[in-house]
Amino acid sequence: MTAYDARFRVWRGDAEGGSLRDFTVEVHDGEVVLDIVHRIQATQASDLAVRWNCKAGKCGSCSAEVNGRPRLMCMTRMSVFARDETVTITPLRAFPVVRDLVTDVSFNYAKAREVPAFVPPEGVAAGAYRMQQVDVERSQEFRKCIECFLCQDTCHVVRDHEENKAAFAGPRFLMRVAELDMHPLDAAAEAGLDRKRAAQEEHGLGYCNITKCCTEVCPEGIRITDNALIPLKERAVDRKYDPLVWLGSRIRRRSDSDPR
Amino acid sequence: MAQVERQQWDVVVVGAGGAGLRAAIEARERGARTAVICKSLFGKAHTVMAEGGIAASMGNVNDHDNWQVHFRDTMRGGKFLNQWRMAELHAKEAPDRVWELETWGALFDRTPDGRISQRNFGGHEYPRLAHVGDRTGLELIRTLQQKIVQLQQEDFKEYGDHEARLKVFQECTVTRVLKDGARVSGTFCYERESGRFFVLEAPAVVLATGGIGKSFKTTSNSWEYTGDGHALALLAGAPLLNMEFVQFHPTGMVWPPSVKGILVTESVRGDGGVLRNSEGERFMFDYVPDVFKEKYAESEEEGDRWYEDPDHNRRPPELLPRDEVARAINSEVKAGRGSPHGGVFLDVSTRMPAERIKRRLPSMYHQFKELADVDITAEPMEVGPTCHYVMGGIAVDSDTAATVGVPGLFAAGEVAGGMHGSNRLGGNSLSDLLVFGRRAGLHAAGYASEGGARPVVSQEQIDAAAAEALAPFHAAEGAENPYTLHQELQTTMNDLVGIIRREAEMAEALERLAALRVRAARAGVEGHRQFNPGWHLALDLRNMLLVSECVARAALERTESRGGHTREDRPAMEREWRPVNLLCRPVDPPPADPAADRIVLVRTRTEPIRPDLLALFEKEELAKYLAEEELCE
């Protein structure tokens, strides 16, 4: 494979407004979309704003929408596009634009603060925690989350409904509730905190109608809907009051290798 | 006169990786009102890239392990140049720091009896690394992040304000540590989003900014690693220690070019992966140095048996310390036995079943599949050395993490020097962050509470800092492009002060750095101050150029090879160099001419190693490392 010139359309602007700008950029073997954005910065638009850090899919900073789909730019290879295809990059739609591809993601940090933290078990000293691998694995899957917020961006509960943001924590933080609820040693209940009820009453679990969009965009492959949200719904309310839970339990698919 | 917002805090922590967050937690729990300031979003720090684990001698997998063994391994790995008191504190306190994470909600992988599992790693005698698959750094950051949120929830209950006593200023950069006479008085900062300047006034500042890798072309480091803390300390008058020691991790990706340098965790080898050259040979058996001869297997059979029966066999040489493995790979490639893309082969596919690989090394499986079209369960990876870590750093007091000569300034984590000597063992970084992050927070809070008049931030300092930060917007005609300057700096350091060094090349590097400084003084940017990466880079260049000068100057001075400093013209480790520390001090006052040297080197002697710690080693082993006069003492 050799270098070629690709056509890019990148949204540029700020809170006041903006538009798509055209760029023609050289693309080399094995490159990802973030490489191309960096080349535009270095050669054509030094002030093009973009967040990034690790460039290895581990930090979750370079989230954007590539041809309308929420993705990490560092993990989107140029080889998935045809050479004559125009690649369009726009900022995450569910969050207010700061500048160019950078959005204001403070919504997520506000929601993180609303989830009560891990409650350590009383009378168990540091160093004396005992847990079985099979028991920690459920929460470990959710702790793979790199907080790229692609699930928060794609979830239609808030994507097109700004008014729902106050009442809905979004998949990432409902998953955080599930993670704590499944932690083998979390002592929330002993401290008088019902995480399941809080998920329903305070974090808006009922808004989720398990369309699995969050799972589809997760770059870590976390089965957010199947393994976090549906079990949380099942534990939160008696299933007969939530037909969607009943439906979810029918259409659920878990991977074969997954023993859970 | 620059009108900027001023805020008053007790402790300001610069950097929100493992060390910074641990320092902030400690300072806040000790009652100090604490501000954390970081260049990225909260929770994105470079620590998330750490894969293998946290070294701590809990003895969960092999109960022969204890702090003394960990201390010995650390000193051997660093070729005895380590600040021994730091290595001692680190080995003693690491288990408590790991267990404490569990009480904050961390979920490590488990042993069959339910304790924290520990894995093998290069240079560690026993399985010692607490881990979560190959994403341990992410677990560490998330746990500390969530602990900070928990403290903020407490404050919200008490004061109605999450940020009453602990606030994170995310996506903000510090360009100067401010002083009142000799003492620290705060930091000058800008908000990346708006470009707005502000000042955090505080009697104590903790630098926890990580490393310097972005001065090199091939690196595993993120954009944040521009040596900010190193430069801030120097500019505030605090010296750096042994900056010639830069770790090239043996296994970075080499193909395709856009991912060159991205880390391939040492866990691949810890879990059984082997290195082969193009002739299919496990070449590491040819590269066991004399000081390690008795501790490593001599045949493939013995090395393979070790995984099952470590008490009666010696470990395979793939698990030598990183400096040895990196040099070996470099030599194989140079001898024409490299892989098609200029690395060697790292194979785990023939060593364990596919399911086990996916479970133990999920990120590696994912990374190669997604970025290189390589299925590591079916074929070998191609790997080569990548700039990974700087052992050198700000000179600190071992117990308090206080810098030298600047009261109120502390440093912890990668930005601090001494702990790792000339070479860091894998897994000793995450534990370093926790042990010394906590100590820095503790002593910074103590210092801040000592009472007396708060130091004052003068308007002159603010005006000078603001003018310096705005200079790239006032560049005249023919301004230099910061991206071009950065690329040239990376090429210079990679090619001339890289993994294998030669006198003439390092001298040339110093000349090129002087020329780059002259051009960087003319760096100019387009646009305005709102989230402008060109401007941010132009400001970071000052730091990268200063730190690169330290590395090149110290490397030229040290006429031996040791750990992360390898000289082709001086290939032997010289015992006379063992007790020598090289301190980089700023030229005072700073020269107006950008071409002039910024750094002077000062030689100091290391503190003699305490006798009870020396007694942990055999006499014969010490004779290989210590200088003649040290042995007599």
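Side-chain atoms are counted along with the backbone in the values below, which use heavy atoms only and exclude waters and symmetry mates. In what follows, every chain begins at residue 1, and chains take the letters A, B, ... in the order their sequences are listed.
Taking OG of Ser363(B) as the reference point, atom CD of Glu220(A) lies at 6.5 Å (rounded to 0.5 Å). How far CG of Asp109(B) is from CD of Gln140(A): 5.0 Å, rounded to the nearest 0.5 Å. Here the CZ atom belonging to Arg138(A) is positioned 12.0 Å from the CG atom belonging to Leu107(B), to the nearest 0.5 angstrom. From Phe531(B), atom CZ reaches atom CG of Asp14(A) across 13.5 Å, with rounding to the nearest 0.5 Å. Separating the OG atom in Ser106(A) from the CD atom in Glu193(B) is a distance of 8.5 Å, to the nearest 0.5 Å. Atom SG in Cys59(A) sits 9.0 Å away from atom CG in Leu41(B) (nearest 0.5 Å).
For Asn60(B), no part lies under 4.5 angstrom from a heavy atom of chain A. If you measure heavy-atom distances from Trp535(B) to chain A, you find no contacts under 4.5 Å at all. Heavy-atom distances place the backbone of Pro112(B), and not its side chain, under 4.5 Å from chain A. Contacts of Thr103(B) with chain A are made by both backbone and side-chain atoms, with heavy-atom separations under 4.5 Å. Looking at Arg135(B), only its side chain comes within 4.5 Å of chain A, counting heavy atoms on both sides. Using a 4.5 Å cut-off between heavy atoms, Pro116(A) touches chain B through its backbone atoms (N, CA, C, O) alone. Interface remark: Gln150(B) contributes backbone and side-chain atoms alike to the contact with chain A (heavy atom separation under 4.5 Å). Only the side chain of Gln152(B) comes within contact range of chain A, judged by heavy atoms closer than 4.5 Å. Proximity to chain B is absent for every atom of Val119(A), based on heavy atoms less than 4.5 angstrom apart.
The two residues Lys55(A) and Ser258(B) make their nearest non-hydrogen contact at NZ-O, 2.8 Å.
Put simply, the side chain of Ser46(A) never gets that close to the backbone of Gly534(B): no donor and acceptor are under 3.5 Å apart. Of the possible polar contacts, one joining the Gln133(A) side chain to the Arg110(B) backbone as a donor-acceptor pair under 3.5 Å is found. Although no hydrogens or angles enter the test, the distance criterion places no donor-acceptor pair under 3.5 Å between the side chain of Lys44(B) and the main chain of Cys54(A). A donor-acceptor pair under 3.5 Å is formed between the side chain of Tyr109(A) and the backbone N or O of Phe42(B).
Heavy-atom pairs under 4.5 Å with chain A peak, among Glu370(B), Glu526(B), Glu102(B), at Glu102(B). For chain B, the option among Met131(A), Gln132(A), Glu179(A), Lys58(A) with the highest count of heavy-atom pairs below 4.5 Å is Met131(A). Heavy-atom pairs under 4.5 Å with chain B peak, among Ala45(A), Gly60(A), Gly57(A), at Gly60(A).
Within a 6.0 Å sphere centred on NZ of Lys260(B), heavy atoms belonging to other residues, nucleotides or ligands number 12 at most.
Partners of Gln41(A) by side chain to side chain donor-acceptor pair (under 3.5 Å), not counting sequence neighbours: none found. Partners of Asp96(B) by side chain to side chain donor-acceptor pair (under 3.5 Å), not counting sequence neighbours: none found.
Here Arg142(B) pairs with Glu147(A) in a salt bridge; the nearest charged N to carboxylate O distance falls below 4.0 Å. Using a cutoff of 4.0 Å between basic side-chain nitrogens and carboxylate oxygens, Arg51(A) and Glu171(B) are scored as salt-bridged. Ion pairing of Glu139(B) with Arg143(A) is present here, as a side-chain N (NZ or NE/NH1/NH2) and a carboxylate O approach within less than 4.0 Å.
The closest side-chain heavy-atom distance from Tyr129(A) to Ile116(B) is not below 4.5 Å. Using a 4.5 Å cut-off on side-chain heavy atoms (C-beta onward), Phe118(A) and Thr143(B) make no contact. Within the 4.5 Å cutoff, the side chain of Ile146(A) has heavy atoms near those of the Leu138(B) side chain. Taking 4.5 Å as the limit, some side-chain heavy atom of His528(B) sits within range of a side-chain heavy atom of Arg99(A).
No hydrogens or angles considered: a donor-acceptor pair under 3.5 Å links the side chains of Trp223(B) and Asn53(A).
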